[in-house]
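Everything numeric here is computed off the predicted structure, so don't read it as measured data. First the proteins, then the strands, lettered A, B, ... as listed; each starts at 1.
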There are 2 protein chains.
Amino acid sequence: MKCNMSGIKFPNSEKVYMSGKLFPDIKVGMRKVRLTPTVTIDECGERHFKENDSVYIYDTGGPFSDPDIDIDPMRGLPRMREKWILERGGVEAVDGKTCIYRAKCKEQISQMYYAKKGIITREMEYVAIRENMNCEELGIKSHITPEFVCEEIATGRAVLPSNVNHPESEPMIIGKNFLVKINANIGNSDTSSDINEEVEKAIWSCRWGGDTLMDLSTGKNITETRQWIIRNSPVPVGTVPIYQALERVNGHIEDLNWDIYRNTLIEQCEQGVDYFTIHCGIRLHNIHLADNRLCGIVSRGGSIMSKWCQIHKKENFLYEHFDDICDILAQYDVAISLGDGLRPGSIYDANDAAQFAELDTMGELIERAWAKNVQAFIEGPGHVPMHKIAENMQRQIEKCHGAPFYTLGPLVTDIAPAYDNITSAIGAAQIGWLGTAMLCYVTPKEHLALPNKEDVRTGIITYKIAAHAADVAKGHPGATIRDNAISKARYEFRWKDQFNLSLDPELALEYYKSRKHEEGEFCTMCGPDFCAMRLSREVRKCK
Amino acid sequence: MKCNMSGIKFPNSEKVYMSGKLFPDIKVGMRKVRLTPTVTIDECGERHFKENDSVYIYDTGGPFSDPDIDIDPMRGLPRMREKWILERGGVEAVDGKTCIYRAKCKEQISQMYYAKKGIITREMEYVAIRENMNCEELGIKSHITPEFVCEEIATGRAVLPSNVNHPESEPMIIGKNFLVKINANIGNSDTSSDINEEVEKAIWSCRWGGDTLMDLSTGKNITETRQWIIRNSPVPVGTVPIYQALERVNGHIEDLNWDIYRNTLIEQCEQGVDYFTIHCGIRLHNIHLADNRLCGIVSRGGSIMSKWCQIHKKENFLYEHFDDICDILAQYDVAISLGDGLRPGSIYDANDAAQFAELDTMGELIERAWAKNVQAFIEGPGHVPMHKIAENMQRQIEKCHGAPFYTLGPLVTDIAPAYDNITSAIGAAQIGWLGTAMLCYVTPKEHLALPNKEDVRTGIITYKIAAHAADVAKGHPGATIRDNAISKARYEFRWKDQFNLSLDPELALEYYKSRKHEEGEFCTMCGPDFCAMRLSREVRKCK
């Protein structure tokens, strides 16, 4: 393993931990950014200093951002949650395999199960603390308590992905009443990319703020790649198991069947995947609804299952075996992401009968998942023009009983390949504001090539912007603290504080240094005589 | 003049012209993108070809995108509109200066004047044709007729910038019932940038789709820089005259006065500036409203005028002389962009009393401009979180009597310096959809440094995305034709057509080539076995 595992560092930042009240042994990591004081000069020329509060930032870097933790990629990250899981009980080691667990026969162990019982887990208190970054410090009242988290999970409005076999993962929550989360897709396809590269991308994604990772590998070494990623991922990992099942039948869709799929599921449950995208919403009698589309079926899983249905003239076996799937997933607390196999792949196809028929099916399935205490959420589009976005959210809430929505963008226009991080961020911010719980990032290379490390960075930052803009618009407690701190720093010409508080301090500093004149008490863009901020401060002074 | 004046070329594209019906002598340039045919293979293995319609694209390149026109930057572009202006009459050469015109004493010559009389000008038919790109060809009915254009200008709901001294400029229209336009800011500040660089940026902006240019130079050679830009600009040019006035008093704000400002205005009117940002909405009694802001006053012009008011304890001389300003501008048909000197510079300051007090003043002034047949529009923010955007648009429509709104973004969060093209495109797309007529671009270097050529490109493309997304959402006639053509090409693996139709063919192709495997009948991201589009076409075939 040659991948670059050097720690995650941000300027003027330190990793700090907050303990639980219900569970004093939990330690929730966050990044504390220290600011410089505000300097004012009085009429006598004397300088006065006024401290500025540190700002706490949600940290997805896990142990990588803690310089005190040595990480050996061969061993993987510390198994923080293992003790919690074992202490709760209900699990046993799988047939002699060390450190691989599942529920004991007839036992229930999912977060949803505990939530329905009114039992608050360590994971629940962990996310409550994590969601309230800065609130306690600044006396901001938040609706997010461990009890609230518990209730949201119990009703299915939120998902806390937490496979018992991924104890390295730090608890996080996906639901409309929480911070909007973002997912980064990584994974190799056949000939491109190797394992080191994928693991590096995984850590890189966590560095910039990715909340979950989906490993969409379809190439060789699919199991080994995933093993490296999961063992070194501090965030939940999702997959699309049909990709591996298809590898197992050498790409022959007609040979896919429930047994092969089932074995794949179990293997991945044991490996520690936290959520599976499963395209069980594709129904034989609905496939024809996509016939008149401009772009047909653009979901890989959706097109595979549609073809399978048509070859065999049979109902989708994932739909038929949905209860069996839930029974398996419940044993590990793996969540289902109900895949939108019929999502629109062009704005022309948005909100059509095919898409909404599948949504109705998902609404039926989500209740069946909940009945078995399986956490679940719903995937959404795709390509949707702005005036059709709200209908997506409204129908999803109505048909899917408040389950979290997880969308890919949506892209609001099709005319900008090479800029689809932007076309999609416009849609993502809007749908996030309307209530979408997690946004799947889109990189500039969408439609063109697989993303490299720099594309992952651009995709993540773009989506942090969309998600944060949605948090601000939704009024998430304390969401504007970082905005206000950065704006105050900007107004006071505390350039370094401005950069240190920003989503990408490195790039901001690099751009700042590209300017041709010297640092000083004026805004770079205007030059000294025309600096609005300097003049504005003089306006205040001269009164 | 060493600047790179080589023509604007796009792959598989040609410059074509459409003639007027009312005025057969007008020639409206547009870019025609030729597509390859769709190829299908039947059961006998025989290939069948089906033509795909060419797509017409709005072209802001002017003569630069016509290979048949030789351009000598020393002479400037052909003076297309000069004949039209002279034929209409009402103008005379200014005191012996060749080719510098203004209205004869007591004559009215503005587009608004003609519109109020019900007279359709060549400029009006020109923009009607230009707005309906693709419609005639495809039989799409459009509400945009020359008569409609005339009526929109008469009521003040639209502005057609057209200084009689910038006859090189191709007519374009700014109004909520037309395509959303974008403006690019260029200009040097003191020590940075030289004239060649600025002219190159100007042409570069037109290449990528900028609809107007603002020259915000504040440095040396301000007059000469502007002269080069205007003579070589096929799009309307705007300025902020207070910058030059301030240079004239060596940066001493207290020395500014009406005479100096008036002389600057006249000089720029004669030079051919099409619209002026004038900060006449700043009122002495309102300045204190910005006192409790996080970021004070962030508009350069706004801070200059506020400081002037406070030094002299007098009302803003631009407000006091508003009617005099209008009298001057009416002589040349220069439009006023009522500058929002108190726009918020952080999301914390959005929609506050200072901002809205100024908007009320603008509402009063716009009616006074219209009374003098001066075309006018209203500038807007700035930094506004998503949930406060709609109020901006609603109040602007209500208070400013339907005058076009021209906003800078708005940025929906402050936390992403180095990505503010994206934070602002999210807001721009939304406010464009709600009715904003023109969006001022923001580049990735906003807040950090002046943009270079690549930043201009990124800023323009980002804003073309926002504007186009808004056009689609508003239902502009034919807006989705380009989206649909590109999506069809994508589905049929006509990669080159996909790229040629995109906003940035070069970058799309570059990204595509970065992939590691060969071109073929599958989507790059998935590899051959997993290509959803290929499978989807098979799904259709196998029925």
Under 3.5 Å, is there a donor-acceptor pair between the side chain of B:D455 and the main chain of B:K445?
-> no
Interface moiety of B:I415 toward chain A, non-hydrogen atoms closer than 4.5 Å | both
Look only at the side chain of B:H312 and the backbone of B:E254, and say whether a donor-acceptor pair between them is shorter than 3.5 Å.
-> yes
Give the member of A:A508, A:S346, A:A428 that has the highest number of heavy-atom pairs under 4.5 Å with chain B.
-> A:A508
If you tally heavy-atom pairs under 4.5 Å between each of B:G427, B:G345, B:A469 and chain A, the highest tally belongs to B:A469
Could you tell me which of A:P505, A:G475, A:P444, A:A485 has the largest number of non-hydrogen atom pairs under 4.5 Å with chain B?
-> A:P444
Measuring heavy-atom distances to chain A, does B:T423 have an atom under 4.5 Å in its side chain, in its backbone, in both, or in neither?
-> both
Counting only heavy atoms closer than 4.5 Å, note whether B:N421 contacts chain A via side chain, backbone, both or neither.
-> side chain
Kindly compute the distance separating OH (A:Y512) from CZ (A:F499), expressed to the nearest 0.5 Å.
-> 6.0 Å
Under 3.5 Å, side chain of B:D471 to main-chain N/O of B:A479, donor-acceptor pair present?
-> no
Side chain A:N250, main chain A:H252, donor-acceptor under 3.5 Å | no
Heavy-atom contact with chain B under 4.5 Å, split by part of A:L507 = both
Before giving the answer on side-chain contact (heavy atoms from CB on, under 4.5 Å), spell out for A:Y463 and A:S424 the whole-Å C-alpha distance, their side-chain angles and the decisive distance to 0.1 Å.
-> CA-CA 9 Å; A:Y463 271 69; A:S424 66; 2.6 Å; yes
So which of A:R490, A:K488, A:H468 has the biggest tally of heavy-atom pairs under 4.5 Å with chain B?
-> A:R490
Under 4.5 Å to a heavy atom of chain A? For B:R482 that would be both
